[in-house]
Each structure stands twice: as structure tokens, then as C-alpha cells.
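Source: prediction; values computed, not measured. All chains are named by letter (A, B, ...) in the order of the sequence lines, taking the proteins before the strands, and each is independently numbered beginning at 1.
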Amino acid sequence: MQNDVLTIEQVLSDWARGAFQAAFPDSIPDGLSVGVVPTADERFGDYQCNAAMSLAKALKKPPREIASALAAAARPEAVAKAEVAGPGFVNLFLDPAWMAGRLEQLGDDPRLGVPGPGRGRTVVIDYSSPNVAKPMHIGHIRSTVIGNALDRLHRFLGWRVIADNHLGDWGTQFGLLIMGFRHFADPAAYETAPIEELERIYVKSYERSKEDPAWLDAARAELVKLQQGDPENRRLWQSFVEHSLREFNRIYERLGVSFDLVRGESHYNDRLPGVIERLEEKALARESEGALVVFLDDEKMPVCIVRKSDGAYNYATTDLATVAARAEEFAPDAVIYVTDERQQLHFRQIFAIAKKMGVATRLVHVWFGLMRLPEGTFSTRQGNVIKLERLLDEAQTRALAVVKAASPEMPAEQQGAVARAVGIGAVKYADLSQNPQSLVTFTWEKALALDGNSAPYLQYACARIASVLDKYRERFPGQDPAAHPIRLTEPIERRLAVRLLRFPEAVVHAAEAFKPNLLADYLYDLAQTYSTFYQNVPFLKAEAGPRESRVRLCELTMKTLRQGLSLLGIETPERI
RNA sequence: GUACCUGUAGCUCAAUUGGACAGAGCAUCUGACUACGGAUCAGAAGGUUGCAGGUUCGACUCCUGCCAGGUACGCCA
């Protein structure tokens, strides 16, 4: 299983395409997808090809006749039966013996059959990206958790991933922050809880600026000094960044998130004038109302300001400089931005301008819906923000209560570790299991769910399997299940097997669509199927032979769940 | 005003991107020999997919028009 690994779906799709081409040479339209998809209902087989219906027009033949050509063609060994159904579906049934053989191979494959389409390719993923001097709140979890899952997925698929935390470290707020720090800072508080202190300072300074124009002017002057490289302001700014990062890192550590690069907006500061020059050279930007703007009429988008009338640059300029810098330094095949929906227009503009400037890299904006509270949007001003750390604390506390109740004999230290994995896993999974683009309303109940479609359900399934495997070794010492073949006899075994074989497809689809929820859905379905199997088919009590075959299915299920959850950034303790 | 997004079971969400009878979880109700871990399983009930048209073999999905909510729209990021 090396470079040319394909998913079953890909193998069958290739086969269908080839069979149609052989049957109807030169008459298959180019753009038409002639693939195979998994069936929704197992009565219709394991995979189905729906192409005959869409080919009917082009070929001027009845769809069932076209479908028959595929059903009659020589089949790959994986397919036991191909039959035409309904208006022209071709239902494909996998061969149980072939499936068993394939499962045995997967047991020896650390990649569980997942291909490596990303090999030799590079992707930059820009995610999390909190603002310096502001606490991370529950709104930040989506970018961090979704971005991290995309990061892990791409890495596993062979990509060279550069995870870049593009900190908001260069805004107008720093003038106010510097003024505030000089006048109101409490050094002790700054050391123990820097972000809280910076936030307090900022709010105070901001309020002062509203009633005192001289204060605002002074803040502006400090900002200019900072941007011109004044050593004292520079030192303060550096300190704000470092202290903020210290707190961010504490959260990242709890979440199991790490970056290859942590480059804030300031990193691209020196390149801003160059961006403007290039825009002017290419006659893309022009003066309007004192500012320098790029018109995007052809793209049917509003103008984009790249230099303000006071001569200062804004975030559009920074993002353009960032794209250019990344393209030069890493020559990536794609750059992925994970931010909330509010930045859709912004990135559409940036991507359009970057293209005009000659950046050929594929640029993708993976946006997600805003996090809201039941009573509406939250904002610092309304004072209803929920800090991310509090959410994580709460999750662990609730998980710990459950662990203590369920496993009172477990050592306290282990209970703590389990509670951490379960609590953090629940929070992450709550986000990863739904379509990123849907708007989410935050509720404690949902974020911390421990049953149903949740991380703990999946973790529980893993722990139960681990326990089964232990018991097997206890009761049948020295026996190796792998010495016995896998046999799929019970219907539920076959159902479980089909799902195990589909893991590679789930991983590939989740990455291609930038939707971790596709993988989460798959894992939940797998775990549910396993639970049914577990509850209804005896294995340790079965006779030798079926017993080992079933133990092997258990083991493979555990590996798949573990691998899948790990791609979502969720841990699976041996015992929970 | 313009653009983008969302609207699916009482609630929270899926639906392989145009496929077969729209699926899960929560909540509700009924069951499961101390079971290989009950954080589980088996089952019941729950739907005019916001509304109205259209496209076609076939629509939650695509097009048009409404309704409701969200977000963004020249000097904040």
C-alpha cells in the first residue's frame, strides 16, 4: 500500500468510467461525472452508479439499457454482484470474501488504507489568529478547533502543512493600549493575569479617549511612534505580545494545538509599501477621496481600500503582503484561511486582487458561522463574553464528576487525566460534528454533551474495545487472533466491515470539502454500528474461529476510531 | 438599498453536492437473562424540508419571486 493507494470509491469509479467508455466509445460527454457513490440504504448494495440516467440524453438510449452495459461488464474482484434497479441505477455489492481479505490487510497498515494524495504538496493553513491583549473567548474556539482538524487531516494525507497563527498584533488599538499602560497599569496584575490587565487598561483608556480629545491625540501620537520604530513603544508592544502569547499557549496546550509559525500582522509591516508599489505599477490601484483604492467592478464587488487618506495602511494591505510573502517563501499549492463568516467579502476581495497581482496560488477561505448566545450576539461591550478558559474548566469539571461516579475505584490522578480528555474532547467534538458554516448558538448543555452524538460516546466505545482485548488476552493467553482469518457471517459483521473499509473515503472527503464534520459523522456511525455488533453478537463467548475473527474486527474498529479521533484532535484514553 | 449566508421532527443537527422511502442525537413512551464495561442496546412516536412557482426521469439540493433571521458593504481589524 504505497503511492497508488486508492479508496474503494475511486477504484469503482474508475472501473465504471472505463466500462462506459468501452461500451459507448467517443460518446461520453467530458464534464459528466461517471462515478460511484456509497448507497444510502444497504438494500441497494454498497455502492451505486447513477450515471446511466444522466447519460441517457447524450447517448439517446434508454437509461436501463445503458445501465445494463455496466452491469454486464467484467467486474473488479471486489464486486460480487452488479444489478440494474429502478430507472437506471446500478447497484454494486461487495464480495464478503474480498472484504475479509482487505480488512486483514488494513490490520497491518498503520494508515488503515488511507491514500496520500498530498505527497509532494504544500499547504499553508492560517487559523486561530486571536488578537493580542484580548482574551480568547468561546468565539475563538471554532477557528482553532476546525483549523487544527484541517491541519491534522492534511498532514495525514501527506501534505506538507504550515500551520500559521496570524496574530492580530498590529492595530490602532495599540496607541490606546500604550497610553493606558503608562497611566493605569498594575504591574503585579500584569504579571499574574496579563490579558485581563491589558483588557482592563484598554477599556479604561478607550473610555478616557471618548471624553478627552487630548488623550485620543496622545494615543494617536503613540501609535505613530510605535509604527516608526520608537524603541520605548516598541519594547512595550513586544511585552504585550509576549504576555498575551503566554496565555494563548496555555490554552493551546490544553487543546493540543500547535503551530509551525506564529507570525502576527506586524511581521509583514516592512512589505506594505512594496505592495502599494506593485499595485500602482500594475495600475490596479488609484486615488479616490484621498485614499488609495482598488476598484473591483468586474468582479461585482465594492472597492477595497489599500491605503487610508492619512497615509496609513490597513488590514487589506497586510493581507495582500501576507499572501505574497507566503507564496514566495513556501511556494504552497494552497493557502487556507479559517475565519468567521464576517470576513467573506474581505477575502473575496483579497483573493481577487492577489490574482490580479499575479499570485497563482489556490486561495481558500474556509468560513464558519458566528457563535451566538441564546440571547443574541455577544460582545465585550455587553459584557456577556464567555472566556474560553472558563468553558474548558467547566467541561473538565463536569467530566470529572461523571468519571468519579462511573469509575470510583480509579486513582484520582487517572480520573483527572480522563476528565481532561473527555471534557476537552466533548467541547471540540461539539464544534467539529456540525457543518462549519452553520451558525451556532452556544449552550452549555450542547457544548458539554456527554451522551448521544458526542466525543465521550466514541471514547467510551474505544475504552470498551480495549477492555475486550484485555479480557481476550487474559482468557486465551498466548493466542494470536491474527492467526485466524476474518469471516463475515452475521449481517451486522458485514455492516461493520463495510464501514471499516470506508474510513479512507471519509478522511479524503472531509479534507477535500474542508468539513471535519464529515469525518465526525463517519466515526459516529461506525461507533454506533460497533455498539450494535457488540451488544448482539457474542465474541469472547463464541467458539474458536469466529471468536478470533470478531476480536480482529474489534481491534480494527478501535484503531479506526482512534485514528479518526486523533485527526479531529481528540484523545482516546485506554479506560474512561 | 446591494451582496453573501441560514431556514429540515418539540429542541440541536445530518443528508455522500441532482438520486431510490429525508436520517441521527436530545427530550417523551415501551422493553433488554448481573452484561465481553448499562456513558450501552432493541423498539415506538415524531416531517407538506419557511412560502409560491419553475427546470427534469428524479429537487432539501439548481433557477425566479416573496417571508423571516444573520452578516458584510471607502478609510476598525
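Nearest nucleotide to the Q48(A) side chain, out of rG19(B), rG37(B), rC75(B): rG19(B). Taking the side chain of R342(A) as heavy atoms from C-beta on, and the options rG74(B), rA72(B), rA32(B), the nearest nucleotide is rA72(B). Listed nucleotides rG74(B), rG19(B), rA20(B) differ in distance to F44(A); the shortest reach to its side chain belongs to rA20(B). When distances run from any side-chain atom of E289(A) to the nucleotides rC75(B), rA15(B), rC36(B), the shortest one goes to rC75(B). Of the candidates rA15(B), rA39(B), rU71(B), the closest approach to any side-chain atom of L370(A) belongs to rU71(B).
Residue I305(A) is in base contact, counting any heavy-atom pair closer than 4.0 Å across all strands shown. I576(A) comes within 4.0 angstrom of a base, heavy atoms only. Among the atoms of the strands shown, only primed sugar atoms or phosphate atoms (P, OP1, OP2) are found under 4.0 Å from some heavy atom of D521(A). Within 4.0 Å (heavy atoms only), Q528(A) reaches sugar-phosphate atoms of the nucleic acid but no base atom. Using a 4.0 Å heavy-atom criterion, one finds that A506(A) contacts no nucleic acid atom at all. Heavy atoms of A312(A) sit nowhere under 4.0 angstrom from any nucleic acid atom. Counting non-hydrogen atoms under 4.0 angstrom, Q434(A) reaches the backbone sugars and phosphates but no base. R307(A) comes within 4.0 angstrom of nothing in the nucleic acid, heavy atoms only. Using a 4.0 Å heavy-atom distance criterion, F539(A) is classed as a base contact. Within the 4.0 angstrom heavy-atom criterion, only backbone atoms of the sugar-phosphate kind lie near V468(A); the bases stay farther away. Looking at heavy-atom distances under 4.0 Å, P302(A) makes contact with sugar-phosphate atoms alone, never a base. No contact: A449(A) has no heavy atom under 4.0 Å from any strand.
Both thresholds, 5.5 Å between centres and 30° between ring planes, are not jointly met by Y460(A) relative to the base of rG37(B), so the two rings are not stacked.
Here F89(A) and F44(A) keep their ring centres 6.0 angstrom or further from each other. Within the 6.0 Å centre-distance limit, the rings of Y337(A) and F351(A) are counted as a close aromatic pair.
Here the side chain of H267(A) pairs no donor or acceptor atom with the backbone of R263(A) at under 3.5 angstrom. For S244(A) (side chain) and A133(A) (main-chain N/O), a donor-acceptor pair under 3.5 Å exists by modelled atom type.
Inspection of the Y47(A) and N91(A) side chains reveals no N or O donor paired with an N or O acceptor under 3.5 Å. Checked by atom type, the side-chain pair T339(A)/H365(A) shows a donor-acceptor distance below 3.5 Å. Side-chain atoms of H346(A) and D319(A) include a donor-acceptor pair closer than 3.5 Å. Under the 3.5 Å distance criterion, with hydrogens and angles disregarded, a donor-acceptor pair is assigned to the side chains of T529(A) and R499(A). Side-chain contact annotation: S454(A) with D451(A), donor-acceptor N/O pair under 3.5 Å absent.
D310(A) has its CG atom 16 Å from the P atom of rG74(B), to the nearest Å. Atom pair L469(A):CG and rG37(B):P shows a separation of 11 Å (rounding to whole Å applied). Atom-to-atom, OH of Y522(A) to C1' of rA14(B) comes out at 17 Å; the value is rounded to the nearest Å. The nearest whole Å value for the distance from the CD atom in Q343(A) to the P atom in rG70(B) is 20 Å. Atom CG of D46(A) is separated from atom P of rU16(B) by 19 Å (rounded to the nearest Å). When rounded to the nearest whole Å, the span between CZ of F174(A) and P of rA77(B) equals 11 Å. Protein atom CD of E42(A) is 14 Å distant from nucleotide atom C1' of rG23(B), rounded to whole Å. We find that OH of Y47(A) is positioned 18 Å from C1' of rA20(B), with the value rounded to whole Å.
Between K515(A) and rU17(B), a side-chain N or O to OP1/OP2 separation shorter than 4.0 Å is absent. In terms of phosphate contacts, K541(A) brings a side-chain nitrogen or oxygen within less than 4.0 Å of OP1 or OP2 of rC36(B). For K308(A) and rC76(B), the shortest distance from a side-chain N or O to OP1 or OP2 is below 4.0 Å. OP1 and OP2 of rC76(B) both lie 4.0 Å or more from every side-chain N or O belonging to T172(A). Taking only side-chain nitrogens and oxygens, Y534(A) comes nearer than 4.0 Å to OP1 or OP2 of rG38(B).
A distance of about 35 Å separates the P atoms of rC5(B) and rG46(B), rounded to the whole Å. Taking the P atoms as reference points, rC62(B) lies 11 Å from rU16(B), given to the whole Å. Rounded to whole Å, the separation between the P atoms of rA52(B) and rC67(B) comes to 15 Å. For rG7(B) and rU61(B), the C1' atoms lie 14 Å apart once the distance is rounded to whole Å.
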Pick out the pairs of N or O atoms, protein on one side and nucleotides 2-10 of chain B on the other, that lie under 3.5 Å.
| residue | atom | partner | partner atom | Å |
| --- | --- | --- | --- | --- |
| rC4(B) | O2' | Q344(A) | OE1 | 3.0 |

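Annotation for E445(A): atom CD does not count as buried by contact number, only 12 or fewer foreign heavy atoms lying within 6.0 Å.
Counting distance only, with no hydrogens placed and no angle test, the side-chain atoms of N91(A) and the base atoms of rA20(B) include a donor-acceptor pair under 3.5 Å.
Helical stems in RNA chain B, defined as runs of 3 or more consecutive Watson-Crick or G-U wobble pairs with both donor-acceptor distances under 3.5 Å, are listed by first residue as B:1-7 with B:67-73, B:10-13 with B:23-26, B:28-32 with B:40-44, B:50-54 with B:62-66.
Scanning all heavy atoms of the two residues, the minimum distance from E265(A) to W170(A) falls at OE1-N, 3.7 Å.
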Result block: side-chain N/O donor-acceptor pairs under 3.5 angstrom for residues 536-546 of chain A, not counting sequence neighbours:
| residue | atom | partner | partner atom | Å |
| --- | --- | --- | --- | --- |
| N536(A) | ND2 | T532(A) | O | 2.8 |

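The nearest heavy atom of RNA chain B to V537(A) and to Y457(A) marks one nucleotide each, and the one closer to the 5' end goes with V537(A). Both Y315(A) and T532(A) lie close to RNA chain B; mapped to their nearest nucleotides by heavy-atom distance, the more 5′-ward contact belongs to T532(A).
Below 30°, between 30° and 60°, or above 60°: for F442(A) and W444(A) the angle between ring planes is above 60°, a perpendicular geometry.
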